[in-house]
Each structure stands twice: as C-alpha cells, then as structure tokens.
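Lettering follows sequence order; numbering is per chain, from 1. On a predicted model such as this, the values are computed, not experimentally measured, just so you know. The basis for the numbers below is simple: all heavy atoms, side chains too, and nothing from hydrogens, waters or symmetry mates.
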There are 2 protein chains.
Amino acid sequence: MTQDEKLDRLAEIAVKIGVNVQKGQELIVNAPVDARALVQRIVAHAYDAGATLVVPLFVDDVVQRARFVHADEESFDFSPAWLYEAMAKSVGDGAAVLTIVGSDPMLLAGCDPARIGRAQRATAAAMKPVRNLISSFATNWSILSFATPGWAASVFPDEPRDAAVAKLWDAIFAVSRVDQPDPVRAWRDHAATLRRRCDVLNEKRFAALRFRGPGTDLRVGLAEDHRWAGGSVESRNGTVCLPNMPTEEVFTMPHKMKVEGVVSATKPLVNGGALIEGIWVRFEAGRIVEAQASKGQDVFRALIGTDEGAARLGEVALVPEASPVAQSGLIFRNTLFDENAACHIALGQALSLNMEGGCDAARGANESLIHVDWMIGSGQMDVDGITASGAVEPVMRAGAFTLG
Amino acid sequence: MTQDEKLDRLAEIAVKIGVNVQKGQELIVNAPVDARALVQRIVAHAYDAGATLVVPLFVDDVVQRARFVHADEESFDFSPAWLYEAMAKSVGDGAAVLTIVGSDPMLLAGCDPARIGRAQRATAAAMKPVRNLISSFATNWSILSFATPGWAASVFPDEPRDAAVAKLWDAIFAVSRVDQPDPVRAWRDHAATLRRRCDVLNEKRFAALRFRGPGTDLRVGLAEDHRWAGGSVESRNGTVCLPNMPTEEVFTMPHKMKVEGVVSATKPLVNGGALIEGIWVRFEAGRIVEAQASKGQDVFRALIGTDEGAARLGEVALVPEASPVAQSGLIFRNTLFDENAACHIALGQALSLNMEGGCDAARGANESLIHVDWMIGSGQMDVDGITASGAVEPVMRAGAFTLG
Ligand SMILES: [Zn+2]
Ligand SMILES: [Zn+2]
Ligand SMILES: [Zn+2]
Ligand SMILES: [Zn+2]
C-alpha cells in the first residue's frame, strides 16, 4: 500500500467508524493546516457517506505562536468567541465534529507561561458551550491525528525531519489498524471487544481497584453509580461514534475521596511543553499528600496545585500491555496515543459518561479545570477488583486482562 | 531582495495600507490554505500593529471541488450560514477583514453548472449580512492575492509549475509596488494621485462619458449624484483603508437607462470557469440589445440574461494604459488584477459608494445579482467628458489621462 492509500484508509475509518457521519448531516472538521491532505480525503469520504456540507476549520501552529511573539499584552485575554459560539450553534443544530490533532508539543516553548495561561483561560471560557455539547455527546464526534513535522520531530528528535515524519506515520497507521486487510471490520471487532470488557466490569460493580507494581500499591475507590466506558459511544442523537482513534482503554470514575496509597508513573508526562519524569505520589483520602518527580518536579507540583480538584482523581483506566500503542514502545507526547499505552489515572475533572445521570460530587465525581492523564501501567502491573463485601478478584495480571 | 523578504513586504503593505488594522482591533483573514506563508507574515505584522486577535479562516480549493465530485444532489442548497453569521457578528462588533484571493480560475471546470449555480446562490444568500457590512464600509477591509499553483498554471499554461508560480509572483510583486524602495510610501503617493483624479472628476460633474476606440463608440450617461471613487476609502469606523491591492482605477456609477452605442472588449473575460473572447455589444437606452462573442457567446448571453439588471451597467472605470497591470501585458484571469489593466464597464449591480446617499434606482443605480467587470480600454482609447450643457472636454487620449 502507498502512503496515499494508507492516508485514504485513515480518512475512511475516521468517517465511517470515528465520527460515523450520517446521511443528511453537516460535518465540521477541525484541523491543523499541515493536515490538509488528510482533510481533503475526509471531505471526499464524508460527502460519499451523504454529508450535506463539510466545513473544515483550519488552524496554523505558526500563527498560534506568532501571537505570543508579536501581540500586545492586552491581546491575551481575547479569544474568537464569535467563532466558538457559531460552532456551538452548528453542533446544537445537529452537525457532527471531527478533530485532527498533531500540534508540535513544544510549539510554545520559550513563550511567557503567564500569557499562555491567560490565552488558555480565555479560549476555555469561550469554548465552554461547544465543549459542553461535545463532552455530553449531544452529537457524534471523534478525534484522530496527523503526523505533522513539528510533532514528528518531537517524537524522533534524532532523526532527520522526513524520516521522523515517516516513522511517526508508520506508528500511527499501525495503531490505527490501517495496515490490516479490512480496517473498518478490524475496528468494529475491536470496539466489540472493548464493549464486552465494559459489560463485564459494569456487572461486577467493584467498590475499588487495587494496582500493584514496582513502586505502586494504590487502592482506587470507585464512585457510586460509576459506569465503565470504552471504544464506541452512542451519542444523544442516536448515532454510534468512536470518539478517540486510536483507543485501547476502558475507563471509569474514581471516588474523589477514596484513593489511598502510593503510585509511580511508568512513562514521562508531557504537560504545557514541559517533560515530567519519575513521578511518585502518595494519596490519603483521595488527595495527593506527597509528590516527587526526578525531573520537572516544580511543574508537577504547580499542576496539582491548580485548584482543589487537581490533586484528586477524575478517571481510572485499564489498558493491556498487548495494546498496539504499548507495543510500539514509543512516547508520542500526545495524550490521544500515550493514554492508550498503559493503565492510567487522570488528575482533575471527572467525565460525565462515567456516572449514571452525569457528574455528581456527592457520589464522588471530582471537579477541576484540568484533566491530565498519567501512565501507571506496565507489563509488571497486577490489578484486582474489590467488591463491596471485600472479596478480591483478579482483573489484570502482568499487564494482561484475566477478566472480561 | 529574497522571495521571503518580498512576501514579508507584501504582508506589511496589506496590513499598513490595505486593511490598515488599528490598535485594539480584531482582524479576520480569509485565505486559501495555499497562502499560509503570507497569512503567517500578515498575522505577525497585524499583531505588531496592535491587533488584539487575528483569526485566519482558511479555505481549500481541493475541498471546494471535492463537494461537486462527491456530494449528494441535496448538498448544493446548503451553505455554512452559522459561519457567515458569525463573521457578520464579528465585523458588526468592529473586526477588520483582509481577504486573500488566488483560486484556480478553472477549479470547477467540468463540474455541473447547475450545481455550481445552486451552491453560489446558497452561499450568496448566507453571506448577505456580512457582504452588506463590507460593501457599505462598516469596517476597514482589503483584498490582495497569493500566487497559488493552480492560478499560476492558468496564467502561464505553457510553463512548468514552479516557473509559472515564480513568474506570477514577479508580476504580483511588480504591480503591488513591492519592488520599490519604500513600498508603503509608494502606495501613499499612489493613493494621493487617485484621490486627486477623483476630486477633479467629481468637480466636473460630467453628465456622460464618451469612449472611442477600435470597434467602440459608447456614450455612458452618469447617474445623478454620482461620486467618483478610487484608491483609499474612509470606512464608517473612521479608518482609511485601501480595499483592493493592486488598484489603478477611478470608477463611478453609470445611469442604468442612459447608455447608448457600441463597445468591443479589449481583453478576454473569464467567467464561471469559461473564457469569453471577442465580445461586441450594442446598448440602447441603457440596455444591451445586441450581443456577440467570437468564443463563449452562449455563456456570455446566459450571463447577461441572469436578470433584468445583468444587461445594464453598474460601474464605469478609467484606468490609464500606463497602469503597471496593463504594462505587465498579462491576462491574470482574476478581476482584482485584470480590472486594473484597462478602462472597464461592469454589467450588473451598482456600488453604493458611487452615489451620494447610496444606491437609488430612481437616480439611475442598477440592480442585479451579478457584477462582472469587462475590459474595454487600450492604448488607442480616447475618453471625453460631456457636461449637462453639452460641452465636451477630453479626459483621456490614447489611454493616458489628460485631465486630473
Ligand atoms: Zn483515559
Ligand atoms: Zn483521560
Ligand atoms: Zn472596477
Ligand atoms: Zn467592478
């Protein structure tokens, strides 16, 4: 298969399995300008699937950075609210949304962190209406990625640019099942596997999970009425979409007050352009009470100090060591990939699809401005489920599922 | 000067002279994805000038064409109204607008003309609010161009792609005065020349213009309270902008009932992907009563049959043969350039800035869905002004201004 054929297959599965755009539906495509070649193929497949209108909204990394270099101090509290409001209107009227990510993780390196923070807050505030529609699955949506030169250089810093891009594409195509004889079928089978795994875990109704591995002995109490999710989601308009491509995790909601013990990260964490390595923390009553990192400790401590909920958990996820993302052996520096490489926990905001009836603090749902996934799994990780009566049942052994 | 330096100068004059973005003002940049390199430089200059926020809205020719190849029949009555409404909101709130053009003129060649027509009507209807704000100069705005490969191939069909792009850039830089030692100063001087020319013509208050040249003897009665415009415009927010870059014309409003005689086109007309050559028409009482073309006659007759106003004039413009666009000797197949190569008339809609108090049919303003500029001037063109009392005064001789 040529590179073009593989890109076309990626576009096809993004349209048919990812966002699953319906006949008569409008589709918004958020994409970096660099991803133009993929967008063009997505547009063709979406119209072939009967989309009434496909509207790409491109962003340019260079333009994003230029602002931090050239704009006046007053600029950083502005954001194009009119554009985000319009997107919310379109999604509210039924448009599906496909988002392509691939920014250089180091794009804003060297820019003033205070300006970045102000700009992020302004954007977050302006995007709230459309973000709420997306996160509550008012419509079918999906996120996939494109190997931009900046991102590739950051994953393969020692390779020449073209080689880095080619290597990143090989990795993306592999973990996206594009190499398989029938990728659409392969994704349907994979989604069914994740669904069965969720069904089994939902039936067990564990009160807690216990993670054991090198440097880790952590008990994560689960929220009341927690729900396991993973793979595909039926959005409120009745269309089944696969929100993340790739996706290998099943995940649910921790109880924000019921996490106890110690845990060590098994992979570095990239946050705000900084690399944080060798994280070790201790939880008491759901809250981080001790935090160390061998590199980037200040950044990590600032992160967990963002707000009250930033030192508590909003997600716990199970990913087998057999995951193609784990098997690639790469650090993608992109959550869409890295969170599918290992069991992880997330600091911060809980996800509404992980609790019957949506997030409810009284039943244990955490609240925060942040949601940062953080890898704790490996081939040496054992996970047990603990029932309300205290019975213990193995869930994973040496990074492999033994249940579901 | 390197190509990059020239591109940066083009960006600088677009920001400082073209749109003249003000400190504290938001700027929307409409651009083809191909023009990314120019957009990046415009963004930097706009932030340097104190813009609060620069929002590029990119379009992709390939995406536009994909719709006509892949979409269902029902698609073509849709347009992203939510996006155009949002732009209208932003412009209404004070944003300036810079538009970069450069589409392949033959982009939609071979696509179903009925589908193209439906899509154009749907877009025109959805864009009406923002178009009205622009055409009434509610804000400062400007249009410039980028030498895309598709456009360059269409201007230089016999050159290899890279050579065609390089040649088109050379032409754009020359007519945009980028080659001159101080382009910003050169544009200020040029705008002052156009302003003086308008002032002289406005003072004359001619009742009609008479055009004579090979195959042409045309009397164009001018609308009551007509106003000559050209070069820069003070928008209603008080900011002076230069709406077209390049611009060499001074133009005013014909009286829709008072055009008499015959006129021959001096350059081919590109319309809707078709080339129309050798146009000859006869006017009676303002209306085309005979129309011939040596090539594309059917397309031309369909064009003037669009609606009642399509066979009458909405603009008459004077451009000297010394214009850098005329001197380039090129057919750019892009109105932004070609209308600055020769005296022209436009079929269709009149322009509100050409009549005191805006367009008024009773005083002679034409109305139509179309506005198509059409070159009639050359180095052999003589133009006279005729006063209300019948006195005749030379305005141009052999394509050169003798007045103003
Ligand atoms: Zn996760
Ligand atoms: Zn997460
Ligand atoms: Zn004109
Ligand atoms: Zn015109």
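- Note on A:Thr52, A:Val59, A:Asp93: by heavy-atom pairs under 4.5 Å with chain B, the leading option is A:Thr52.
- Looking at B:Val63, both its backbone and its side chain come within 4.5 Å of chain A, counting heavy atoms on both sides.
- The candidate from B:Arg65, B:Glu26, B:Arg67, B:His70 with the greatest count of non-hydrogen atom pairs under 4.5 Å with chain A is B:His70.
- When each of B:Leu57, B:Val62, B:Val43 is checked for heavy-atom pairs under 4.5 Å with chain A, B:Val62 comes out on top.
- Rounding to the nearest 0.5 Å gives a distance of 12.5 Å between CZ of A:Arg9 and OG of A:Ser176.
- Residue contact with chain B, scored on non-hydrogen atoms closer than 4.5 Å, involves the side chain of A:Ile28 exclusively.
- Residue with the most contacts toward chain B among A:Glu85, A:Glu74, A:Lys23, A:Lys89: A:Lys23 (heavy-atom pairs, distance under 4.5 Å).
- Partners of A:Asp112 by side chain to side chain donor-acceptor pair (under 3.5 Å), not counting sequence neighbours: none found.
- Scanning residues 11-21 of chain B against chain A with a 4.5 Å heavy-atom cutoff picks out nothing at all.
- Atom NZ of B:Lys167 has 12 or fewer neighbouring heavy atoms from other residues, nucleotides or ligands inside a 6.0 Å radius.
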Stepwise side chain to side chain contact (heavy atoms under 4.5 Å, CB included) check, A:Leu83 with B:Leu83: CA-CA 7 Å; A:Leu83 184 56; B:Leu83 184 57; 3.7 Å; yes

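- In this structure B:Ile370 satisfies the side chain to side chain contact (heavy atoms under 4.5 Å, CB included) test together with B:Leu303, B:Thr306, B:Ala310, B:Leu347, B:Ser368, B:Val372, sequence neighbours excluded.
- In this pair, A:Phe76 and A:Phe68 present their aromatic rings parallel. The plane angle is below 30°, not in the 30 to 60° band.
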Check against side chain to side chain contact (heavy atoms under 4.5 Å, CB included), A:Trp151 and A:Asn334: CA-CA 9 Å; A:Trp151 179 24; A:Asn334 177 322; 3.5 Å; yes

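- Residue pairs meeting the salt bridge (charged side-chain N to carboxylate O under 4.0 Å, His left out) criterion with at least one partner in residues 51-63 of chain A, sequence neighbours excluded, are A:Asp60-B:Arg36.
- Within 6.0 Å of CZ in B:Arg185 there are 12 or fewer heavy atoms belonging to other residues, nucleotides or ligands.
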